[in-house]
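Note sheet for the following structure.
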Amino acid sequence: LLTAHCAFTTPTAVDVYLQFARETSHIVHARTQLDHLPLPTSEEQLLEHYLKLLLSIAKAARFILIKLSDRLHNMRTLEYMEPEKRVRISQETRDLYAPLAHRFGLANMKAELEDLAFKFLEPEEYHNLAKLLVQKRAQRESLIDEMAGPLRQQLTEAGIKVYEVSG
């Protein structure tokens, strides 16, 4: 991957920069260009527009990963935006970016994007669910411990020395 003179030595930061800076620059530039495209009028057209745009760039999987990471960061700080913008971005996230993360096999990212979108699209339901989760936490943890005990015992009896059981 790196230039030939680095083949048998550990690459320096400069070597890595020289090799990958141009490609990374192109990816970031393509990401930035999304902000300057004219947007269609209806919500359905907008989603179709974004989907076509992202699929046309699908050859650059790193671009999509950068875009997903950028969207996750934006969703984590969404409470500082105006309410109308929060709803629009959250809807777009739930309809487009969460499914895209799922297709890329990023289950944790998909779940967080959906949770954050839910928080801003349906705040009352989100807060009710959050309260229920807090109330039932001790019960869930007790159930997990109850199920994990016999599993740990079986693993130990089977001679498995290194394992992790979590829930």
Do the side chains of L116 and L72 get nearer than 4.5 Å, heavy atoms only?
yes
- Item | Test item: side-chain donor near acceptor, D95 and Q91, under 3.5 Å | yes
Interatomic distance, CD@Q139 vs CD1@I144, rounded to 0.5 Å, equals 11.0 Å
When rounded to the nearest 0.5 Å, the distance separating CG of L96 from CD of E48 is 12.0 Å
Original post:
Do you reckon M75 sits in the same ILVMFWY cluster as V87, going by side-chain contacts under 4.5 Å, direct or chained?
Top reply: no
The salt bridge (charged side-chain N to carboxylate O under 4.0 Å, His left out) partners of K119 (sequence neighbours excluded) come to none
Inset, instruction - Without swapping roles, check the side chain of S142 against the backbone of A138 for a donor-acceptor pair under 3.5 Å. - result: no
Closest non-hydrogen contact found for A101 with L68 is CA-CD1, 3.9 Å
Please answer whether the main-chain N or O of L113 pairs with a side-chain N or O of R94 as donor and acceptor at a distance below 3.5 Å. no
Here the pair of heavy atoms bringing R152 nearest to Y163 is O-OH, 3.4 Å
Exactly one of R71, R86, K85 clears salt bridge (Lys or Arg N to Asp or Glu O under 4.0 Å) with E92, and that residue is R71
Exercise for the section: Show the numbers, then the answer: is there a side-chain contact (heavy atoms from CB on, under 4.5 Å) between T156 and Q153? Expected result: CA-CA 5 Å; T156 302; Q153 182 179 348; 5.8 Å; no
Note: A117 and S90 closest approach over all heavy atoms is CB-O, 3.5 Å
Task: Full working for side-chain contact (heavy atoms from CB on, under 4.5 Å) between L133 and R140 - done: CA-CA 9 Å; L133 287 172; R140 284 192 319 274; 3.8 Å; yes
Tell me, with the steps shown, if E82 and R88 meet salt bridge (Lys or Arg N to Asp or Glu O under 4.0 Å). CA-CA 10 Å; E82 296 175 20; R88 181 183 57 77; over 6 Å; no
_Verdict with reasoning, N74 to T93, per side-chain contact (heavy atoms from CB on, under 4.5 Å)_ = CA-CA 10 Å; N74 291 343; T93 298; over 6 Å; no
(message) A side-chain contact here means heavy atoms from C-beta on lying under 4.5 Å apart; do L106 and L65 qualify?
(response) yes
Correct closest heavy-atom pair for R76 and E79 would be O-OE1, 3.6 Å
So CG of D115 and CZ of F120: to nearest 0.5 Å the spacing works out to 11.5 Å
Should V165 and I160 be regarded as members of a common hydrophobic cluster, given that ILVMFWY residues are connected when their side-chain heavy atoms come within less than 4.5 Å of each other, either directly or indirectly? yes
Worksheet item: Are the side chains of M81 and L78 in touch, meaning some heavy atoms are under 4.5 Å apart?
Response: yes
*Given Q154 and E157, is the side-chain contact (heavy atoms from CB on, under 4.5 Å) satisfied, shown in steps?*
CA-CA 5 Å; Q154 290 291 318; E157 288 174 7; 3.9 Å; yes
Check K110 with E114, please: is the shortest side-chain N to carboxylate O separation under 4.0 Å? yes
